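Atoms within each ligand, like the ligands themselves, are counted from 1 in listed order. In this chain, numbering begins with 1 at the start of the sequence shown. Just so you know, these numbers come straight off a predicted model, no measurement behind them.
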Amino acid sequence: MVVGVLVEISNQNVDRVFDYLVPENFEDSIRLGIRVLVPFGKQTLEGFVLEIKKESSRELKEIYSVVDEDIILNEELLLLGKQIQKDTLSTLISAYQVMLPKALKAKAGTIVNKKMHVFYRLNEKEYIGKTIPQKKILELFQSREEIPREELLKISTSALSTLVDKGILVPIEKEDYRMKYEAGNEEKKELTKAQQDVVDAVVSNSSSLPFLLFGVTGSGKTEVYMHIIEEVLKDGKTAILLVPEISLTPQMVEQFSNRFGNQIAALHSALSDGEKYDEWRRIARGEANIVIGARSAIFAPLKNIGVIIMDEEHSDSYKQGDKDPRYHARDIAIWRAKYHSCPILLGSATPSLESMARAQKGVYHLLTLKERVNGKALPEVSIIDMNLEAKKTPYHLTPILLNEIQECIDRGEQAILFLNRRGFSTFVTCKNCSDTIKCPNCDITLTYHKSNKMLRCHYCGYATPLPKVCPSCGEESLSDLGVGTEKIEEELYKLLPYAKVLRMDVDTTSRKGAHKKMIDAFRNHEYDILLGTQIVAKGLDFSDVTLVGVINADTSLNIPDFRSSENTYSLLSQVAGRSGRSKKSGKVFIQTFNPDHYAISYVKNHDYLGFYHQEMLVRRKLGYPPFYYLCYLKISGKDANYLFQESLKIKRSLDRNLVHTTILGPTSLAVFKVNNIYRYGIILKYKKEENLRDILLKIKNHYKTNLKVKIDIDFSPSHF
Ligand code: ADP
Ligand code: ZN
């Protein structure tokens, strides 16, 4: 037997199948999608079996061993990997690796053990216990097949050993999964008519097109998802629910685990490698049939999928843009839904422009939830014009907003304050020479973190203590400008000393379990104000929050990106949606220097469609998606001059070969240098360009042995 093996090194030069001979004693274990250990040059590598053949005419090396008992990449995933390679121009091996938990990747660095556990099984059913402890133990087996050793030991050590000695009970060793979900007695909610209509449409798969669920915040989308999944399970099928990492809160997992118990598997970044590995195997073995997870959970090895749901479908966290394969989970979801002939549901209160445009054109099937479940109006939104208000106060919290916070707390209710920037201030400048302190490795200012008096680079992680004097002129005249969450926290302490403030951002939630503790504490009213970055903007459902304040709506608006308006509108709507979700009505206050910008003014009336139409005009005029496709080439390396010359060559070659494409650049990226690597970008805009992938692949291949130039290709980039 001969196998074609794809080895696990991400090198474009060896990204193909190599043939190996299989010694006879391994032949029975060989299946497609299993991993084997092979000699490769001077190395020993793991690789996937992608082909099985009878014979080869050439002299071949033998495989060393078979790594797995179970198939790692099933037939569907093997096919999907090839599609990803074709669509994104990534290597095939990277397409397969992205599907697997870290513990299953070669060179994972850590060896993740399976945890083993002893269980007992009843061997002789007729036996009646002789003592009370024996009877107690045997009683347990009336309703259960296998019982963990610890549980029986608690009843009686000696009774257990007697039963085992007599052969009444037999031990079996089983894997003990690290994650356990217990069903609670959470009552199922009766759906509203509007919700039921959505469930019916999806479950009956009334359209072969993807469904787009456009439902305002608080319209009960999560409840709809749960009902759909329940129906799908009744049919003996499985389900994937994707949520952005940031909304994959313990709250959300708890809600699903309450309803579905151990049928769920959750995949997210808060899990350890071992926990992820366990979850993955529970899924692969069919022991879990609902997968809830962030982007890469779309690759969960479920069989017989009955529905794929993508919540907050507009979220850019669904796009992997920082490394190959640069895929969008939505595309993968659509591919898998086709493979399983199952419905796919994309849900959002603020659908991406692309998705809404497709729905308007009839490429997606539009479903709508116009109202909140509780019948309450969406919160009243007020815009605070900082051009007028900023002058009246030395603080970032305006008197209007402060007054609202105070009244909210006095009523015994809670407030969420949102600022899209962590740290204390954005940068430190010298009042004497007006120099700002920059990162030595990157082209970006350092951010001041007051709690530990450190300056930090948010790009490369570089950190240094805040110097006493200006590094440029030596004067003692450094001052911090801009504003981060830490600074607002300090203002709140000063201005509302009795208010209990909980700050939540990556700096305060990095420890395991911290996130859940904070959310629980806030829900229990241990705090009055939840202050945070994006983490507080999405998915949270607190019934006593009646005030939402946005400290500075301009941070996301000022990013030089064609999506900045869309992102601002959707972010503000999401944050606003945290207010007044239960019985009490909510208010929202947005501080901004751009009160007339349409991305902000449409939020005031919760007018998504108004925003959508206006933004579509802008996109059409500028030739951006969804009217044109984009492809982004990033060219990076250490030698800036050489890099620019090569970038020009690439541009000329594209000019010669592409007919229907607009080529922009090369231009240096907004942050030109990161970690001492310089970056140029070329943007391609096109509607239809038949040979685009072939031409780009040629360019990529041309540079594959050139260590001074790295080329990254991103189709439909979420940002530049
Ligand atoms: P969305 O995801 O659309 O923002 P959620 O699914 O979080 O909305 O629902 C908002 C609130 O309404 C939640 O507290 C949820 O439990 C509640 N809810 C949803 N559907 C119903 C229903 N049919 N009856 C009563 N309450 C519901
Ligand atoms: Zn840096």
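Heavy-atom contacts of Glu223 reach the following atoms of ligand 1: 6 (O), 19 (C), 20 (N) (cutoff under 4.0 Å). Here is the list of ligand 1 atoms found below 4.0 Å of a heavy atom in Thr217: 4 (O). Atoms of ligand 1 found under 4.0 Å from any heavy atom of Glu190, numbered from 1 in the order shown, are 22 (C), 23 (N), 24 (N). Close contacts of ligand 1 with Leu191, meaning ligand atoms under 4.0 Å from a residue heavy atom, involve 23 (N).
Ser556 and Asn567 form no side-chain donor-acceptor contact under 3.5 Å, judged by distance and modelled atom types alone.
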Could you list the donor-acceptor pairs under 3.5 angstrom formed by side chains in residues 287-297, with sequence neighbours left out?
| residue | atom | partner | partner atom | Å |
| --- | --- | --- | --- | --- |
| Glu287 | OE1 | Tyr177 | OH | 2.8 |
| Glu287 | OE2 | Tyr177 | OH | 3.4 |
| Arg295 | NH1 | Ser317 | O | 3.0 |
| Arg295 | NH1 | Lys319 | O | 3.0 |

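For the pair Ser543/Arg523, no side-chain contact is recorded, criterion being any heavy-atom separation below 4.5 Å from C-beta on. The closest side-chain heavy-atom distance from Leu540 to Phe522 is not below 4.5 Å.
Considering Gly220, Gly215, Ser582, Ala194 only, the shortest heavy-atom separation from atom 8 (O) of ligand 1 involves Gly220. Of the listed options Lys189, Gln195, Lys193, Gln195 places a heavy atom closest to atom 20 (N) of ligand 1. Around atom 2 (O) of ligand 1, the closest heavy atom drawn from Thr192, Leu369, Thr222 belongs to Thr222. The residue among Gly577, Ala349, Ser348, Gly218 with a heavy atom at the shortest distance from atom 4 (O) of ligand 1 is Gly218.
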Does the pair His227 and Gln195 meet the rule for a side-chain hydrogen bond (donor to acceptor under 3.5 Å, both in side chains), with working shown?
CA-CA 9 Å; His227 275 76; Gln195 284 176 314; over 6 Å; no

After noting the C-alpha distance and the side-chain angles of Lys234 and Glu231, does the key distance pass the salt bridge (charged side-chain N to carboxylate O under 4.0 Å, His left out) rule?
CA-CA 5 Å; Lys234 271 190 211 155; Glu231 293 299 318; 3.2 Å; yes

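Contacts with ligand 1 closer than 4.0 Å are made by backbone heavy atoms (N, CA, C, O) of Val216 only, the side chain lying farther away.
Under the rule for a side chain to side chain donor-acceptor pair (under 3.5 Å), Asp235 has no partner lying at least two apart in sequence or in another chain.
For ligand 1, the polar-atom distance check against Asp541 finds a nitrogen or oxygen pair separated by under 3.5 Å.
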